[in-house]
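The structure under discussion appears below in the form of structure tokens.
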Amino acid sequence: MLDVCHRSPPPDQFLMNNFLGFDMWHLNITDFSLAVIGHYGKAITNLVLSRLPNVNERGFWVIGVAQGLQNLVSLTITSCLGVTDASMEAIGKGCPNLKQMYLRRCCFVSDSGLVAFAKAAGSLENLQLEECNRVTQYGIIGALSNFKTKLKSLTLVKCVGVTDIDVEVSMFSPCESLQSITIQNCPGLGSASLAMIGKLCPQLQHVDLTGLNHITDAGLLPLLENCEAGLVNVNLKGCSNLTDNIVSALARLHGGTLKVLNLDGCCYVTDASLVAIADDCLLLDDLDVSKSAITDAGIAVLSDAKQLNLRVLSLSGCPYVSNKSVPFLMKLGQALLGLNIKNSNAIGYNAIRFLVGKLWRCDILV
């Protein structure tokens, strides 16, 4: 599949760009097809290449070396066996204005290709790798070290090759520009990796570690301690080994900047975490403690926090939150715009009806 977006072309390019606007799924896309795009796609800004079994390494290589995609801003490549280390380097060199690169299930891209791409792609701001399993932690660290001043966002999803390694971080240059990192369902990435990321990326503001159920308080703490800019959005959904200790540290270190916190599925999180949040989080407006061990007492603490001004609160699947929380939820409801109490079975039907009737400004999910 090939999909493109382009700016209004000059007359001599109209025919080609108009052709490229059609659905080409049913066509036999080959190396020659990509060579044409590489040479004549001067107006193309967004290019999507998906499942091209007849395109080999040369086809993707010529996209870069042809020097025709000077205005390409976003490139998405999915399930293309022709994408190799050599073609990644060529794309980086031949697309000087590329800002977004999404690479999914490209199994022949390894560390050397990723680092070569990082050295060449001087304008890249957003990099996403999904199921690129030949890429390891060496490749990620090497790429971050070479992006240095432009890359703002890095996303790793289901990259099983990324595992903890023992390496001296001082050997690499920091990536001062990176503000957001998302690492989802990468089973080999653990405490050592998080510590290295924290040291290499001191300006992080957004951290998403969804599904990393093996990381511990001790592993996450160095990352929190090295985030100099102040974390704004932290997603720890499914990080089931984390406890109150790390939530307290997060609130203490970043309570002045933190606005969104997701602790869904952190089953060891208790009322002690809510006490820390109530005491130290000045700007928090979205809190998710679904499927945790909090109780009515913790909700009472939140309702009494004078500086806290929550807009969204999620308590889904909290077995220890009961009808006793209704007065506290009513108090919080003066500011709440969203409340999730779905599957919190200790809150009875009548209590739910009461809340729905009284908190008419609040969208309540039951």
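- Side-chain contact between Val326 and Met330: present, with at least one pair of heavy atoms (C-beta onward) separated by less than 4.5 Å.
- Judged by distance alone, with hydrogens and angles left aside, the side-chain atoms of Ser316 form a donor-acceptor pair with the main-chain N or O of Lys342 at under 3.5 Å.
- The two residues Gly139 and Leu114 make their nearest non-hydrogen contact at O-CD2, 3.7 Å.
- With Arg353 contributing its side chain and Gly348 its backbone, the two residues share no donor-acceptor pair below 3.5 Å.
- Under the 4.5 Å side-chain heavy-atom criterion for grouping Ile, Leu, Val, Met, Phe, Trp and Tyr, Phe354 is connected to Val356 within one hydrophobic cluster.
- Counting heavy atoms from C-beta outward, Ile197 and Leu204 have side chains that approach closer than 4.5 Å.
- At most 12 non-hydrogen atoms from other residues, nucleotides or ligands lie less than 6.0 angstrom from CZ of Arg58.
- Nearest heavy-atom pair, Pro222 versus Asn226, reported as atom, atom and distance to 0.1 Å: O-ND2, 2.6 Å.
- Linking ILVMFWY residues whenever their side-chain heavy atoms come closer than 4.5 Å, directly or via other members, places Leu310 and Leu263 in the same cluster.
- The hydrophobic cluster containing Leu283 does not contain Leu302, counting ILVMFWY residues as joined when their side-chain heavy atoms lie under 4.5 angstrom apart, directly or transitively.
- Remark: the backbone N or O of Val109 is not paired with any side-chain donor or acceptor of Arg134 at under 3.5 angstrom.
- Other members of the hydrophobic cluster containing Val62, listed by chain and number, are Trp61, Val65; membership follows side-chain contacts under 4.5 Å among ILVMFWY residues, whether direct or relayed.
- His254 places no side-chain N or O within donor-acceptor distance of the main-chain N or O of Ala249, the cut-off being under 3.5 Å.
- Side-chain N or O atoms of Ser123 include one that pairs as donor or acceptor with a backbone N or O of Pro96 at under 3.5 Å.
- Between Leu72 atom CG and Ser74 atom OG the span is 7.0 Å, to the nearest 0.5 Å.
- When each of Asp244, Thr243, Ile294, Val247 is tested with Thr270 by the rule side-chain contact (heavy atoms from CB on, under 4.5 Å), just one qualifies, namely Asp244.
- For Glu131 (side chain) and Val160 (main-chain N/O), no donor-acceptor pair under 3.5 Å exists by modelled atom type.
- Contact check for Met101 versus Phe117: side-chain heavy atoms found under the 4.5 Å cut-off.
- The shortest side-chain heavy-atom distance between Leu75 and Ile63 does not fall under the 4.5 Å cut-off.
- In this model, a donor atom of one side chain and an acceptor atom of the other lie less than 3.5 Å apart for Ser79 and Arg105.
- Considering only heavy atoms from C-beta on, Ser193 comes within 4.5 Å of Asp164 through its side chain.
- Classification of Asp286 and Lys259 as a salt-bridged pair fails, no side-chain N sitting under 4.0 Å from a carboxylate O.
- Using a 4.5 Å heavy-atom cutoff, the side chains of Leu315 and Asn340 are not in contact.
- Between Phe60 and Ile77 the shortest side-chain heavy-atom distance falls below 4.5 Å.
- No donor-acceptor pair closer than 3.5 Å links the side chain of Thr163 to the backbone N or O of Gly188.
- Asp208 and Gln184 share a side-chain donor-acceptor pair at under 3.5 Å.
- Side-chain atoms of Ser173 do not come within 3.5 Å of backbone N or O of Ser145 as any donor-acceptor pair.
- When hydrophobic clusters are built by joining Ile, Leu, Val, Met, Phe, Trp and Tyr residues whose side-chain heavy atoms come closer than 4.5 Å, directly or via intermediates, Leu253 is grouped together with Val234.
- In this model, no donor atom of one side chain and acceptor atom of the other lie less than 3.5 Å apart for Asn213 and Ser240.
- In the model, Asn241 has no side-chain atom that pairs as donor or acceptor with a side-chain atom of Thr216 under 3.5 Å.
- Here the side chain of Asp296 pairs a donor or acceptor atom with the backbone of Ser322 at under 3.5 angstrom.
- The hydrophobic clustering, which links ILVMFWY residues whose side-chain heavy atoms are closer than 4.5 Å, places Ile141 and Val115 apart.
- By the 4.5 Å heavy-atom criterion applied to side chains, Leu209 and Leu220 are counted as neighbours.
- Side-chain contact annotation: Asn71 with Thr45, donor-acceptor N/O pair under 3.5 Å absent.
- Side-chain N or O atoms of Ser177 include one that pairs as donor or acceptor with a backbone N or O of Leu151 at under 3.5 Å.
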